[in-house]
Number of protein chains: 2
Amino acid sequence: MSSLNDVARRAGVSIATVSRVINKGSNVNEETRAKVLKAIKELKYQPSRVAKRLRSKSASSNLIGLLIPDIQNPFYVDVLRGVEDVAYENNYAIIMCNFAQDEKKEKMYLDILQQESIDGLIAAPAHEKDPNVIKLLNDGLPIVCVDRGLTGKDVDVVVVNNRDGAYVAVDHLIKSGYKRIAYISGQKQIPSSKYREMGYRDAIEDNGMQVDVELIKYGDSKHRSGVELCEELLAMANPPDAIFTGNNLITLGALETIHKRELRIPEEVAIVGFDDMMWSISLNPPLSAVRQPAYEIGKRACELLIQRISDPKRSPIQMTLNTKLILRKSC
Amino acid sequence: MSSLNDVARRAGVSIATVSRVINKGSNVNEETRAKVLKAIKELKYQPSRVAKRLRSKSASSNLIGLLIPDIQNPFYVDVLRGVEDVAYENNYAIIMCNFAQDEKKEKMYLDILQQESIDGLIAAPAHEKDPNVIKLLNDGLPIVCVDRGLTGKDVDVVVVNNRDGAYVAVDHLIKSGYKRIAYISGQKQIPSSKYREMGYRDAIEDNGMQVDVELIKYGDSKHRSGVELCEELLAMANPPDAIFTGNNLITLGALETIHKRELRIPEEVAIVGFDDMMWSISLNPPLSAVRQPAYEIGKRACELLIQRISDPKRSPIQMTLNTKLILRKSC
DNA sequence: CTTAAAAATGTAAACGTATAGGTTTTTATT
DNA sequence: AATAAAAACCTATACGTTTACATTTTTAAG
């Protein structure tokens, strides 16, 4: 790789001139510019982003970090796509960090991101008091949180109305005549799980029914816990006639268990949960679901981040997007 | 962020000493080391990976690039997970580049990766002559190709036996009594599509049947083309009684079309295709598929890359993993 | 006690860029 | 033609490391 110096020597000018040609381009003779451009082409010169970053911390590194808990979850893949599209349009590259719900891993990744002196971070924190993310925030790094906020911290957040999404789904279940509705929750400590439980409880109570805590199961937001907790539910003496699931992986796991038991959906047990997927319609039966605008969450988050990078003083925004209940055949 | 200089001043030593403490640690007095370590802790010093990279190009940046054509495809998500797990174990971070089958985007990303002076790259090239990837290879960057190789280039490659995978699936279809078997291919120019077509053709001919080119449809490897090409197939005067699909997105698209036409699977039309998914069993009907060890592909690729980074002279390896036909209810 | 060898530490240059401030050349004004 | 102003260009420095080499201190040997 050739450097500014090589180009300068070849063009017979100083590196400052070359730099000026490359950047703004003010105050440089047309003839000189041509010479420099020619040299650049001949040497296939590519500026070193590394040197650029080192030189001026203020200058953009055009690098943003994306910290997500579980890339296996299609929801985050869609968020990623939204982030990526906006990042690309704005000439940013993404360092993708999947911490797989492991705080040690999360810390390592965040350290790396800081050491890389990224311009900003889009993060779904492990929980609301995530010390690793808070540290970076306190260090002044531009951050946008997605899917969950940071308690007591003034930070840009893009979330979905989890409580209402859950409410609408469970309310629909009740209005459809289901009496014993279970909830398989994701990790108890993450805000979205809490809000979804809140919506679940409110819907039941608002319809004059009683919440039965036996019907609430807490897992870890992954496929496996969907399988197992659904099994527990169905093995009860008095099993539920409908299940509300906390996310897509849980839904898929629960579905698997229901099929293994050869129960008819929705006649013997109905199911509806968070997160729609492109292929939900091809499942057996076509799955009803609470759709989160995942792509848009990512898109908005990245827009907010780029704004914040260019204007760190701007006061934080909390953006709440709405969910939509997609009715198909499973409830 | 404090620098080496800050630490040195605080500990009352020179920056060289601090550097030595941090790195190998040879030739440094215990007392001094303690002082330095204390200062590092107090200042929360974190080395700048940027400066490190700039200083010594030979030294590892602990950054690898991952270039994939379509993050929306669960296959690549699994590859990513494999890469990521190995990268994490070896203290590498990943710059994720999803070029979405857009060569302009691919070029931009590869430029960025080079400008970031990454240690190495794992790439699924756009096609076998992908000039962007070849350029980096010629520049001496350690590269491992996944899913597809680079014609005429001696490079590490991790692929799956696409021809055999297709052969086994189509052969099974024929042995099960299907007579008119269609193939919905992904992008024609990518090697995996070609090899799958080869397996498809061979299986038909080896069974004494004739290949009907009307039954081969070429698309772009995405969901939409699965939907549309399947529609074309089913609208034929003499439609196929079984469909072999080129990848998971195509399969899902085709499935959607079959359902829309309310055809029974496999009685009216059978379907089997490349790529198994965790939730294939929950589809309607539970989907038979040619499973690629996607996670392992990523894992192996990353292992190879790390080897190559530490030993650039090692002669390239072509690793071929095997597929497995998973039989469920769709054929 | 010398003195040589070994250990510990320091100095300074380099990586590739941006840029402040200075110098030279060109252009415009009188 | 002299001079001021503007344009073009250059020199030198800083960013935060690593490392070759120089220097100082400690240890060991005679």
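Note that the structure is predicted; figures quoted are calculated from it, not measured.
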**Message:** Side chain of A/Thr17 only, heavy atoms from C-beta on: which candidate in D/dC9, D/dT17, D/dT11 is closest?
**Reply:** D/dC9

**Request:** Indicate, with a heavy-atom threshold strictly under 4.0 Å, whether B/Asn5 touches base, sugar-phosphate, or nothing.
**Result:** nothing

**Request:** For A/Val13, report the nucleic acid contact type (base, sugar-phosphate, nothing); a contact means any heavy atom under 4.0 Å.
**Result:** sugar-phosphate

**Request:** Return yes if the base of C/dG10 and the side-chain atoms of B/Arg20 contain a donor-acceptor N/O pair under 3.5 Å, otherwise no.
**Result:** yes

**Prompt:** With a 3.5 Å cut-off and no angle check, do the side chains of A/Lys135 and A/Gln114 form a donor-acceptor pair?
**Reply:** yes

**Euclidean distance, atom CZ of residue A/Arg33 to atom C1' of D/dA7 [Å, nearest integer]** = 13 Å

**Request:** Using heavy atoms to find the nearest nucleotide of DNA chain D for B/Gln46 and A/Thr32 separately, return the residue whose nucleotide is more 5′.
**Result:** A/Thr32

**Message:** If I take atom CZ in residue A/Arg53 and atom C1' in nucleotide C/dC15, what distance separates them, rounded to the nearest angstrom?
**Reply:** 15 Å

**Request:** Taking atom types as modelled, find out whether B/Asn132 and B/Glu106 have a side-chain donor-acceptor pair closer than 3.5 angstrom.
**Result:** yes

**Message:** Side-chain N or O of A/Asn27 versus OP1/OP2 of D/dA7: is the shortest distance under 4.0 Å?
**Reply:** no

**d(CD, A/Glu30; P, C/dT25) in whole Å** = 21 Å

Return all side-chain donor-acceptor pairs below 3.5 angstrom for residues 69-76 of chain A, not counting sequence neighbours, or 'none' if the list is empty.
{"residue": "A/Asp70", "atom": "OD1", "partner": "A/Gln72", "partner atom": "N", "Å": "3.0"}
{"residue": "A/Gln72", "atom": "OE1", "partner": "B/Arg81", "partner atom": "NE", "Å": "3.4"}
{"residue": "A/Asn73", "atom": "OD1", "partner": "A/Phe75", "partner atom": "N", "Å": "2.8"}
{"residue": "A/Asn73", "atom": "OD1", "partner": "A/Asn248", "partner atom": "ND2", "Å": "2.9"}
{"residue": "A/Asn73", "atom": "ND2", "partner": "A/Asn248", "partner atom": "OD1", "Å": "3.3"}
{"residue": "A/Tyr76", "atom": "OH", "partner": "A/Asp147", "partner atom": "OD2", "Å": "3.1"}
{"residue": "A/Tyr76", "atom": "OH", "partner": "A/Arg148", "partner atom": "NH2", "Å": "2.7"}

**Complete:** Atom CD of A/Gln114 and atom C1' of D/dG16 are separated, to the nearest Å, by 15 Å

**Message:** I need the CD-C1' distance between A/Glu31 and D/dA7, as an integer number of Å.
**Reply:** 15 Å

**Request:** Look at all strands and tell whether B/Asn29 reaches a base, only sugar-phosphate, or nothing, counting heavy atoms closer than 4.0 Å.
**Result:** sugar-phosphate

**Prompt:** Which residue lies toward the 5' end of DNA chain D, A/Ser14 or B/Ser19, if each is placed at its nearest nucleotide?
**Reply:** A/Ser14

**Message:** Looking at B/Ser48, I'd like to know whether one of its side-chain N or O atoms comes within less than 4.0 Å of OP1 or OP2 on D/dG16.
**Reply:** no

**Fill in**
Of D/dT18, D/dT19, D/dG16, the nucleotide closest to the side chain of B/Asn23 is D/dT18

**Gap between atoms CD1 and P, on A/Ile40 and C/dG16 respectively (whole Å)** = 16 Å

**Asked** CD1 of A/Ile15 versus P of D/dA12: gap in Å, rounded?
**Response** 11 Å

**Prompt:** Expressed in angstrom and rounded to an integer, what is the separation of B/Glu116 atom CD from C/dT17 atom C1'?
**Reply:** 14 Å

**Request:** Would you check if there is a donor-acceptor pair between the side chains of A/Gln101 and A/Asp220 at a distance under 3.5 Å?
**Result:** no

**Message:** Test: salt bridge (charged side-chain N to carboxylate O under 4.0 Å, His left out). Region: residues 89-105 of chain B. Which pairs qualify, not counting sequence neighbours?
**Reply:** A/Glu84-B/Lys105, A/Asp85-B/Lys105

